[in-house]
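I have placed the structure first, in the form of structure tokens, so that the comments after it can refer back to it.
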Amino acid sequence: MTLLRKLLLAAAGLLPASVVLAAPALGTVEKQPLNLHAIGMFFVFVLGTLAITWWAARQTKSTSDFYTAGGGITGFQNGLAIAGDYMSAATLLGLSSLVFAKGYDGFIYTIGFFVGWPIITFLMAERLRNLGRYTFADIVSYRLDQNKVRIFAAFGSLTVVCCYLIVQMVGAGQLIKLLFGLDYPVAVVIVGALMLVYVIFGGMIATTWVQIIKAVLLLAGGTTLAFMAMSQFGFSYETLATKAVEAHASGWNIMGPGSMLADPINTASMSLGLVFGIAGLPHILMRFFTVPNAKEARKSVFYATGFIGFFFLVVCTLGFAAMVIIGTDPQYYVNGEVGGALIGGGNMVAMHLAKAVGGNLFFGFLSAVAFATILAVVSGLALAGASAISHDLYATVFKKGKASQKQEMRVTRMATVGLGIVAILLGILFEKMNVAFLVGLTFGIAASTNFPVLIMAMYWKGLTTKGAIIGGFAGLICALVLVILSPAVWVTVLGHAHAIFPYDHPALFSMPLAFFVIVVVSKLDRSVRADKERDAYADQFVRAQTGLGAASASSH
Amino acid sequence: MIDIHSTDTQRCERIRSNPKFLQLVSSRSRLAWSLSAAVLGTYYAFMLVVAFAPQWLHAPLAEHRMLTLGMPVGAAIIIFSWLLTGWYVYRANTRFDALGAAILEESK
């Protein structure tokens, strides 16, 4: 169970290994009996989303439809979809379990996962929309060397997408084995195959709607669960707190900050990676191109931020309620030993709570929602990866912008199939491996490669092609090396006694390095080309501010 | 990327020399950066309290109560930063967009 627990907690927000390891005793991932309610409800979800895919396939005529739903998604819809991208199964399960185990410390983490969103609204949303079209490479290459920058950006995107896909696939396999009682490889193949169908036929339209439906289900499911749980406390947080303090082994300590800052540098590095990593995840960035204009882009982050904040507060409530309802009930513990290992492992707290207050049917519903959640996230990832291959590499670099829409779409679909197969194979290959390091790597690379280059391209006149590429690669290599030397790989995977780099998250070091190299190399770049690039910033700035010439929504 | 570089340079020049454009740029960046500072400032102030004065957050809301100050403070950080997001979006979608549209119109 250590693997899944670490993985989910880590995926929920890069919890440092120290905290994960300090969590209460863990069970092992055992295949559960076949859960018919859950399978039935999941089946309904799949049928519904396939119907949407069929509808979306008929709407998808151009590359713009395929990559960005023709820019025709409203701010509210896109807000739900962004929230859906961020509220993964790991959020519901990992965060509620963390609060269950650690009380207020879990709440502190949750706040850290949230604060990146307002910053994205203030500094990035409208510039993304005004300058970009299909991928974030559009923005970076706006005034820089198209070929070099796109190769670099595609490389960054694909690395992030592949690492995150593996994390999601392994998590999916384990979770489904646990919740549905299906075999691991079966679960991985189902996730991969459904993802292929959504993306290949329905493109961004289907992917967005799958994400919206799932976000609504997750919000509704979580809220209903919290409502039912709180009804046992007369809807009073005071009563809840009193009983939780009585029930929890740590007693009064759960109501205030505890041990989480034992390693402040790791915590700082993690929160930096998380906050700025979000702004470097290609599948999140892509969401900003699906709305018609900057106005809707801003609205969508406002809605998304609201949904995410609300959901996080709900999840924390669940964690505290579970301390009382699950924490004192022997039937949820292995061998009935209260305070020992939870049945199904430490991450099942929200699921047990669903069973305790809502019965088997509600438990089945929430399991189906968790499955749907993973499916939606991998679809978004696959689409982002495929667009990097077809739009950045094939259409712009290889065909020099002369590929027809038909050719580009064909390459996208082939790329999606390729990514799907890779995801399934890697998912099966990594089943027994500890993939916690991939989460650190994903966010580390996103925060130290994609993010610095993107934000500098948007805000700094002095950026040159050389600076962007050398700086980006410096961040990438630094993040990669630090993760390899970190406890998660050096000790856990490679079996050495002591880690050379003591922290699991590289962002605190690799991100400043990337910025530093970008600035120094750009400043030293005295080529004619560099001067032209600096001069071109003036026009880019006008467009970023006013939306002049920004890609508009296609008409349909 | 044909459309990306089709932006008319002369038109950009006219826009840049429009005093309204300077007004747009300065008022937008002032708002965006000060709100960012407010959110990050609040968050890191909170984290400093967590690190150096955790007992403040651990204090009961009132005597003989189990809820601590930390609970409403934590929730307030989430809600406060969301409201600031709303404030920015409101200002940008009304004032800044109107100003931007006027600038584009005048530059034709």
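Protein chains get the first letters and strands the later ones, always in sequence-line order, with residue 1 at the start of each. What you see below is based on every heavy atom in this structure, not just the backbone, and it leaves out hydrogens, waters and symmetry mates.
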Tyr134(A) side-chain N/O to Ser387(A) backbone N/O, donor-acceptor pair under 3.5 Å: no
Region of Leu57(B) that comes under 4.5 Å of a non-hydrogen atom in chain A: both
Heavy-atom contact with chain B under 4.5 Å, split by part of Ala395(A): neither
Interface moiety of Arg65(B) toward chain A, non-hydrogen atoms closer than 4.5 Å: both
Selection from Thr110(A), Ile308(A), Val245(A), Asn253(A) maximising heavy-atom pairs under 4.5 Å formed with chain B: Asn253(A)
Option in Ser36(B), Ser29(B), Pro54(B) with maximal non-hydrogen atom pairs under 4.5 Å from chain A: Ser36(B)
Segment of Phe114(A) engaging chain B (4.5 angstrom heavy-atom cut-off): side chain
Side chain Trp252(A), main chain Glu246(A), donor-acceptor under 3.5 Å: no
Portion of Tyr44(B) that has a non-hydrogen atom of chain A nearer than 4.5 angstrom: side chain
Toward chain A, the part of Phe46(B) with a non-hydrogen atom under 4.5 Å: side chain
Chain B contact via Phe107(A) - side chain, backbone, both or neither, heavy atoms under 4.5 Å: side chain
Side chain, backbone, both or neither of Glu126(A) within contact of chain B (heavy atoms, under 4.5 Å): side chain
Structural part of Val115(A) lying under 4.5 Å from a heavy atom of chain B: both
Per-residue contact mode, Tyr90(B) against chain A (heavy atom under 4.5 angstrom): neither
Contact origin within Phe307(A) toward chain B - heavy atom pairs under 4.5 Å: neither
Cation-aromatic face contact Arg127(A)/Tyr459(A), 6.0 Å, 45 degrees: yes
Engaged part of Leu67(B) at the chain A interface, taking heavy atoms whose separation is under 4.5 Å: both
4.5 Å side-chain heavy-atom contact, Thr135(A) and Arg150(A): yes
Under 4.5 Å from a heavy atom of chain A, the part of Val25(B) involved: both
Leu35(B) vs Trp87(B) side-chain heavy atoms within contact, under 4.5 Å: yes
Shortest non-hydrogen separation from Gly100(B) to Leu24(B) and the atoms involved: CA-CD2, 4.3 Å
Portion of Asp97(B) that has a non-hydrogen atom of chain A nearer than 4.5 angstrom: side chain
Check: Thr396(A) side chain, Leu393(A) main-chain N or O, donor-acceptor pair, under 3.5 Å: no
Shortest non-hydrogen contact from Ala321(A) toward Phe233(A): CB-CE1, 4.0 Å
Check: Ser107(B) side chain, Arg14(B) main-chain N or O, donor-acceptor pair, under 3.5 Å: no
Single hit among Arg133(A), His391(A), Glu408(A) for side chain to side chain donor-acceptor pair (under 3.5 Å) with Tyr67(A): Glu408(A)
